[in-house]
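Take a look at the structure below.
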Amino acid sequence: MLTASGLVTGVMISSPADTHASKKASAYQAEIAIEHLKAFWGDTLVNGASMAKQARYAEERLALGRSSETINRELSVMSAAFRRAARFEKLPG
């Protein structure tokens, strides 16, 4: 079973020359985002990555004093991972 954190880690790190992060954030910022995403999503299966859970992620990060811009950048890394996984047919059927 594919987890959300496994998806982010595997898809975003597997092809660094073609990363979404190069367009939206520095590679260093993307690495930081991946660590935060992995910590929150943990063993959540890909099909459990709901909009409600994304909202909880944002709420938790805001409560920690992170800016909306930082949170949006982090979620854009996750979104890019899902798009890339779909493009390369890595998502479960």
Side-chain angles (χ1 to χ4, degrees):
M1 294 295 217
L2 183 61
T3 64
S5 62
L7 172 81
V8 170
T9 302
V11 174
M12 295 307 289
I13 295 178
S14 65
S15 52
D18 180 33
T19 64
H20 174 75
S22 66
K23 298 176 188 165
K24 295 286 184 177
S26 73
Y28 177 71
Q29 288 173 317
E31 288 176 23
I32 292 170
I34 289 169
E35 291 307 312
H36 291 295
L37 291 165
K38 284 173 33 181
F40 177 82
W41 294 95
D43 292 334
T44 301
L45 296 179
V46 168
N47 62 357
S50 66
M51 293 300 291
K53 189 145 182 167
Q54 289 181 44
R56 281 195 304 277
Y57 175 83
E59 290 168 4
E60 286 186 22
R61 298 291 288 149
L62 282 170
L64 291 171
R66 301 310 178 258
S67 70
S68 296
E69 293 82 8
T70 295
I71 297 163
N72 287 338
R73 190 169 32 255
E74 292 168 354
L75 289 173
S76 76
V77 170
M78 184 166 183
S79 178
F82 272 90
R83 282 193 309 276
R84 178 173 290 193
R87 183 176 24 186
F88 294 112
E89 300 178 0
K90 301 282 186 190
L91 294 174

**OP:** Verify, without hydrogens or angle tests, whether Ser79 (side chain) and Ser76 (backbone) share a donor-acceptor contact under 3.5 angstrom.
**Re:** no
Original post:
Which is it for Leu62 and Ser68 under the side-chain contact (heavy atoms from CB on, under 4.5 Å) test, yes or no, and what are the steps along the way?
Top reply: CA-CA 7 Å; Leu62 282 170; Ser68 296; 4.2 Å; yes
**OP:** Test Tyr57 against Glu74 for side-chain contact (heavy atoms from CB on, under 4.5 Å), laying out the working first.
**Re:** CA-CA 10 Å; Tyr57 175 83; Glu74 292 168 354; 2.6 Å; yes
Original post:
What pair of heavy atoms forms the shortest contact from Ile71 to Arg66, and how long is it?
Top reply: CD1-O, 3.9 Å
Original post:
If every non-hydrogen atom of Ser5 is compared with every non-hydrogen atom of Gly42, which pair is closest and at what distance?
Top reply: OG-O, 2.6 Å
Original post:
Does the distance from a Lys or Arg side-chain N to an Asp or Glu carboxylate O, for Glu35 and Lys38, drop under 4.0 Å?
Top reply: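 Judged by the 4.0 Å cut-off on N to carboxylate O distance, Glu35 and Lys38 do form a salt bridge.
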Original post:
Taking side chain as C-beta onward, heavy atoms only, is Trp41 less than 4.5 Å from Met78?
Top reply: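 Answer yes - side chains close enough.
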Rounded to the nearest 0.5 Å, how far apart are [atom1] of [X] and [atom2] of [Y]?
X     : Y     : atom1 : atom2 : value
Ser67 : Asn72 : OG    : CG    : 8.5 Å
Leu75 : Thr70 : CG    : OG1   : 11.0 Å
Arg73 : His36 : CZ    : NE2   : 10.5 Å

